[in-house]
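Note sheet for the following structure.
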Amino acid sequence: MPTEEIAQPPPLGAPGLVTRPLASEIGVEILGVDLSRPLDDATFRAIESAWLDNCVLLARGQNLDEDAQVAFAARFGPLGQNVNKHNGGSKRHPATMLISNIRENGQLIGALPDGEMLFHSDQCYVETPCSAGMLYGIEIPSHGGETIFANMYRAWETLPGDLKRAVVGRKAVNIFEYSDAEGYGASAMDLFPAPPPGSKHYAHPIARAHPATGRKALYVNRGMTMCVEGMARAESDALLTRIFDHQEQARFQYAHAWRPGDLLVWDNRSALHARNDFPANERRMLRRVTVLGQRPC
Ligand code: SIN
């Protein structure tokens with residue numbers, strides 16, 4: 001029987017929680033849970049523990065309005081407040097953001113509308129990036145638009161020794177300067193040596209310790225990491241290129257093909273994500289909520 005068909009026994013302390021892996025190195029699906037209803041503490045703790053262990057958690061077939069999604073997200077911690085300039089005129093909860101290419105009266109109703117996105121970690125360009133991101137599928141194109149996740153614990157654990165030694169104690173500068181129209185299709189390394197004026201940027205450790213699990217995870221990415229702090233350009237480019245190539249190996253990944261009603265939560269401290277291209281003439285809409293995090297160390 002293929003591995004993905006085998007339901008795993010409930011984790012300890014989680015009576016009734018049935019899970020199955022999404023890929024060999026990352027991701028777990030929980031089955032038989034209705035997230036629109038309040039969860040008892042034992043069930044939530046089991047879900048949280050499965051999520052921490054696997055970096056990405058999926059529940060399919062959910063029926064979540066905005067309030068229900070926000071309520072479930074709030075179980076993971078205090079929520080981020082989205083400054084959503086694309087509100088399409090609606091009065092959405094301040095924690096939610098639409099990710100969508102849909103335009104109404106010529107105006108985008110959401111952010112991050114079009115095309116491919118390189119691997120990145122949300123908000124890695126600020127001092128305290130979010131700890132978790134949660135996406136709920138509402139409208140999905142006929143093909144493409146998969147969100148791809150990669151396990152940065154495993155990327156760190158398997159990093160060749162010379163690369164590990166080269167980055168110990170070092171920080172990298174992460175930057176955000178992409179407009180919605182341009183997407184995240186360009187490598188941030190191209191911006192070296194200086195962040196463009198007005199861009200948001202912050203230097204974080206290249207390998208961070210996860211505050212809940214204690215495990216180390218690689219914390220650089222091709223989409224937003226511009227350079228290794230205090231390193232000459234050629235050396236920084238060569239080092240980062242090798243790290244990016246290592247961390248983006250298929251063996252660390254799970255590509256999520258969306259269906260309406262999918263609820264996906266990723267640990268933004270231990271997983272990177274990216275997006276495949278999709279037809280520009282088809283509608284795509286996901287609702288996102290983020291959970292506040294701490295300064296990486
Ligand atoms: C994101 O990076 O938050 C968006 C992912 C997606 O649109 O699939």
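In each ligand, atom 1 is the first atom listed, and ligand 1 is the first ligand listed.
- Proximity to T147 (heavy-atom distance under 4.0 Å) selects the following atoms of ligand 1: 6 (C), 8 (O).
- In the vicinity of H273, heavy-atom distances shorter than 4.0 Å reach the ligand 1 atoms 1 (C), 2 (O), 3 (O).
- Looking at ligand 1, you'll find an N or O of R275 within less than 3.5 Å of one of its N or O atoms.
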- Test log, rule ring pair (Phe, Tyr, Trp, His ring centres under 6.0 Å), inputs F244 and H246: CA-CA 5 Å; F244 298 156; H246 172 81; over 10 Å; no
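- Residue R284 has at least one heavy-atom neighbour below 4.0 Å for each of these atoms of ligand 1: 6 (C), 7 (O), 8 (O).
- Salt bridge status for R75 with D41: present, with a side-chain N to carboxylate O gap under 4.0 Å.
- No salt bridge links E157 with K216; every basic N to acidic carboxylate O contact stays at or beyond 4.0 Å.
- When ring centroids are compared, F252 and F149 stay outside the 6.0 Å threshold.
- In this structure, CZ in R295 is found 8.5 Å from NE2 in H204, a value given to the nearest 0.5 Å.
- Residue contacts with ligand 1 do not include E146, since none of its heavy atoms lies under 4.0 Å from the ligand.
- Among the atoms of H120, some N or O lies under 3.5 angstrom from an N or O of ligand 1.
- Counting only distance, with no hydrogens or angles, the side chain of H120 and the backbone of D122 share no donor-acceptor pair below 3.5 Å.
- Of all atoms in ligand 1, listed by their number and element, those nearer than 4.0 Å to a heavy atom of I99 are 3 (O), 4 (C), 7 (O).
- Using a 4.0 Å cut-off to heavy atoms of R288, the atoms of ligand 1 that qualify are 3 (O).
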